[in-house]
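A short worksheet on the structure shown next.
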Amino acid sequence: MKNSNLSKSLLIWYDSNKRDLPWRSTKATPYNVWLSEVMLQQTTVVTVIPRYTSFLERWPDVRALAGASIDDVLHEWQGLGYYARARNLHRCARVVVEQYGGVFPDDEAALKTLPGIGDYTAAAIVAIAFGNFSTPVDGNIIRVISRLEGLEQVMPAGKGAVRMRMAELVPAKRPGDFVQGLMDLGSMVCTVRKPDCPACPWGSTRGSTRGSARAGPCRARAGGKPQSYPRKAAKKPRPTRYGVIFWLVDQAGRVMTRRRDETGLLGGMMEFPSTPWREQDWTHEDVLSNVPVAGAGLDWQDVPGTVRHTFTHFHLELRILKGHLSSMPETAHDHAIWSVPHDFVDLALPTVMKKVAKLVYSS
DNA sequence: AAGTCGTGGCC
DNA sequence: TGGCCAAGACT
């Protein structure tokens, strides 16, 4: 099948199966497309939709976002994960306002210099928001194109081959719709586990003579095992790390929290003080040398149960020790922020820390 | 260039 | 239930 026919079939399929996503059609401004694409990085559409809507309501344009505090942005982002996205989003908004007069550049290379905008997102903005030719390659497109061509390259390392094929397929006319159609196809039809090949616009075509079926253009389908594409490398096993949380309550009933370092895991988010998280489990003695307040004379009590949480590259098991301060704490330990539980909603708490609070209050 | 970086849903 | 995966970026 000719490239132009592949593109046309896909666009026809897109038009008749289009989902009404809140960042599509008339709402596909550069700001909206950028925001949605960053939120959609490694995150499902179902998860993003409500978060996108409330985010946009709070900060309707790039100037509003640039004027926000990083604390408010992280708070709005809580639970979405990959918190560097929120920090970069905020930085990017400020750069666009300060260096581009509040107008997103339509140039792919310029977009890629902005914080949090990489190969995929820059290309997606060019095609979807500006309607210009580009060749974005995301997980869906890797899967669809790998299957279409039966690519044997290990992905995502071999995504260059996908991008080259995309350059032949993306039409000059509706590049944004084509690209979104490809991603819709990947998430609705050409899925990871059970591809619905009969529903594919690139399915086998009817032969004109006697209605016999001819082979379609998809190599993976012709091979009988479309699920075996894309080829992927074996993954490393995830180790388990251990930590002990100090649930410290002062005489006013406030609980000690603190802000994590700006970079790294859960960067900038709030936490309940903890020992480091390490692969070796903690002895009671080791734990006590990490108590977050000076003058240890505290009576620590075990909170029954364990918090289990899995990050991208390790499992985490947290035990919790509860202690009550008999006198008011000395000044500014670790820049502690003391909050009554009622006010936890004001903190940018990552999900693992919400699990900690939940276990404490259920015991 | 391989590791780091969240979370929830799926089977 | 534990591994896999999702509109990836950054170091």
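Below, read A as the first sequence line, B as the second, and so on, with proteins coming before strands; counting in each chain starts at 1.
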- For Trp34(A), report the nucleic acid contact type (base, sugar-phosphate, nothing); a contact means any heavy atom under 4.0 Å. nothing
Applying a 4.0 Å non-hydrogen cut-off, can you work out what Arg143(A) is touching in the nucleic acid: base, sugar-phosphate, or nothing? sugar-phosphate
Ranking Leu40(A) and Leu114(A) by the position along DNA chain C of their nearest nucleotide, the one closer to 5' is Leu40(A)
_Counting the atoms with a prime plus P, OP1 and OP2 as sugar-phosphate, which does Ile141(A) contact under 4.0 Å by heavy atoms, base, sugar-phosphate, or nothing?_
nothing
Rounded to the nearest 0.5 angstrom, the CG-CG distance for Leu10(A) and Leu6(A) is 8.5 Å
So, with a heavy-atom separation below 4.0 Å from DNA chain C, the residues of residues 129-139 of chain A are Asp138(A), Gly139(A)
Classify the nucleic acid contact of Thr47(A) as base, sugar-phosphate or nothing, counting any heavy atom under 4.0 Å across all strands shown. nothing
Nearest-nucleotide check on DNA chain B, Lys355(A) vs Lys236(A); residue mapping nearer the 5' end is Lys236(A)
For Trp338(A) and Leu325(A) the tightest heavy-atom approach is CH2-CD1, 3.6 Å
For Gly186(A), answer base if it contacts any base atom (sugar-phosphate contacts may also be present), sugar-phosphate if it contacts only those atoms, and nothing otherwise; contact means non-hydrogen atoms under 4.0 Å. nothing
Separation of dC5(C) atom P from His313(A) atom NE2, nearest Å, is 18 Å
Compute whether any side-chain donor of one residue and acceptor of the other, for Tyr83(A) and Gln78(A), lie under 3.5 angstrom apart. no
dist Arg51(A):CZ -> Leu35(A):CG (nearest 0.5 Å) comes out at 11.5 Å
Output for pair (Leu74(A) CG, His90(A) NE2), nearest 0.5 Å, gives 9.0 Å
Taking any heavy-atom pair under 4.0 Å as a contact, classify Leu182(A): base, sugar-phosphate, or nothing. nothing
*What nucleic acid atoms does Arg24(A) come within less than 4.0 Å of, heavy atoms only: base, sugar-phosphate, or nothing?*
base
What's Pro115(A) touching, base or sugar-phosphate or nothing? Going by heavy atoms closer than 4.0 Å.
sugar-phosphate
Under 3.5 Å, is there a donor-acceptor pair linking the side chains of Gln41(A) and Arg85(A)? no
Between Phe314(A) and Thr44(A), the residue closer to the 5' end of DNA chain B by nearest nucleotide is Phe314(A)
The single option from Arg143(A), Arg221(A), Arg165(A) that satisfies salt bridge (charged side-chain N to carboxylate O under 4.0 Å, His left out) with Glu149(A) is Arg165(A)
State whether Gln41(A) places a side-chain N or O below 4.0 Å from either non-bridging phosphate oxygen (OP1 or OP2) of dG8(C). no
From the candidates dA7(C), dG3(C), dG8(C), the one with an atom nearest any side-chain atom of His315(A) is dG3(C)
Strictly below 4.0 Å: does Thr121(A) bring a side-chain N or O up to OP1 or OP2 of dA7(C)?
no
query = Salt bridge between Arg259(A) and Asp71(A), side-chain N to carboxylate O under 4.0 Å?
reply = yes
Closest non-hydrogen contact found for Arg238(A) with His313(A) is CG-C, 3.6 Å
Bounded by its outermost nucleotides with an atom under 4.0 Å from a heavy atom of chain A, the footprint on DNA chain B reads dG3(B) to dC10(B)
* Is Arg24(A) atom CZ crowded by more than 12 heavy atoms from other residues, nucleotides or ligands, each under 6.0 Å away? -> yes
